[in-house]
Amino acid sequence: VQLVESGGGLVQAGGSLRLSCVASGVTFSSYGVGWFHQAPGKEREVVATINRSGGSTYYADSVKGRFTISRDNAKNTVYLQMNSLKPEDTAVYYCAAGPAEMSQFDIEYNFWGQGTQVTVSS
């Protein structure tokens, strides 16, 4: 099983990025998916989660109204659209897949990508 994130980069505050997470070696539609981020010196935190069908989502309070998680199971891909980015959004962003749907806890995810850096300048 492999998860590969892409779409990170450097953006000015107020800008947008769209992250993608492509899965291989797994029936992606069988797994809930989460996006997490980890800033330097801080613990990894949940950003958003989505259930198997894509019909239910969860967002951390810090990103509500700015980020949107979605998935295309036919393409084995989950997206994180990030708008109105803030310097405090700067972190490495990871996608993760696991059998538990909508979990906010990283220990409940079995598979992880390598991460993609998002840097927001002020």
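FYI, the numbering just counts along the sequence from 1.
Taking the charged nitrogens against the carboxylate oxygens, Asp61 and Lys64 do have a contact shorter than 4.0 Å, which makes a salt bridge.
Ring orientation note: the planes of Tyr31 and Phe111 are nearly perpendicular, at an angle over 60° on the 30°/60° scale.
The main-chain N or O of Glu101 is never found under 3.5 Å from a side-chain atom of Asn51 such that the two would form a donor-acceptor pair. Looking only at distances, no side-chain donor or acceptor of Arg52 sits under 3.5 Å from a matching main-chain atom of Ser29. A distance-only check finds no donor-acceptor pair linking the side chain of Arg71 to the backbone of Gly55 [under 3.5 Å]. Checked by atom type and distance alone, the side chain of Tyr59 pairs as donor or acceptor with a backbone atom of Ile69 at under 3.5 Å.
A heavy-atom distance below 4.5 Å is not found between the side chains of Glu5 and Leu19. Between Leu3 and Phe28, the closest side-chain pair of non-hydrogen atoms falls below 4.5 Å. Using a 4.5 Å cut-off on side-chain heavy atoms (C-beta onward), Gln117 and Thr90 make contact. In this structure, Arg66 and Asp89 have side chains that are in contact, with non-hydrogen atoms separated by less than 4.5 Å. A heavy-atom distance below 4.5 Å is not found between the side chains of Asp106 and Tyr94. A 4.5 Å side-chain heavy-atom check between Trp112 and Arg44 finds at least one atom pair inside the cut-off.
Across all their heavy atoms, Thr77 and Ser20 have their closest contact at CG2-CB, 4.4 Å. The two atoms that bring Met102 and Ser56 nearest to each other are SD-O, 3.4 Å, heavy atoms only. Shown here for Ser122 and Pro87, the closest heavy-atom pair between the two residues is CB-CG, 3.9 Å.
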* **Pair Ser121-Gln12, side-chain contact (heavy atoms from CB on, under 4.5 Å): steps then yes or no** => CA-CA 5 Å; Ser121 63; Gln12 288 188 333; 3.7 Å; yes
* Asked: side-chain contact (heavy atoms from CB on, under 4.5 Å) between Tyr79 and Thr68: does it pass, once the steps are laid out?
  -> CA-CA 8 Å; Tyr79 305 98; Thr68 302; over 6 Å; no
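Atom OG of residue Ser84 and atom CZ of residue Phe67 lie 9.0 Å apart, to the nearest 0.5 angstrom. Atoms OG1 and CG, from Thr116 and Leu80 in turn, are 11.0 Å apart once rounded to the nearest 0.5 Å. Atom CE in Met82 sits 11.5 Å away from atom CZ in Arg18 (nearest 0.5 Å). In this structure, Asn76 CG and Thr27 OG1 are separated by 7.5 Å, a value rounded to the nearest 0.5 Å.
In terms of hydrophobic clustering, with Ile, Leu, Val, Met, Phe, Trp and Tyr side chains grouped at heavy-atom distances under 4.5 Å, Phe36 and Val63 are assigned to different clusters. No continuous path of ILVMFWY side-chain contacts below 4.5 Å connects Phe105 to Tyr93, so the two sit in separate hydrophobic clusters.
Take Tyr109 and apply the side-chain hydrogen bond (donor to acceptor under 3.5 Å, both in side chains) test, not counting sequence neighbours, and it matches no residue.
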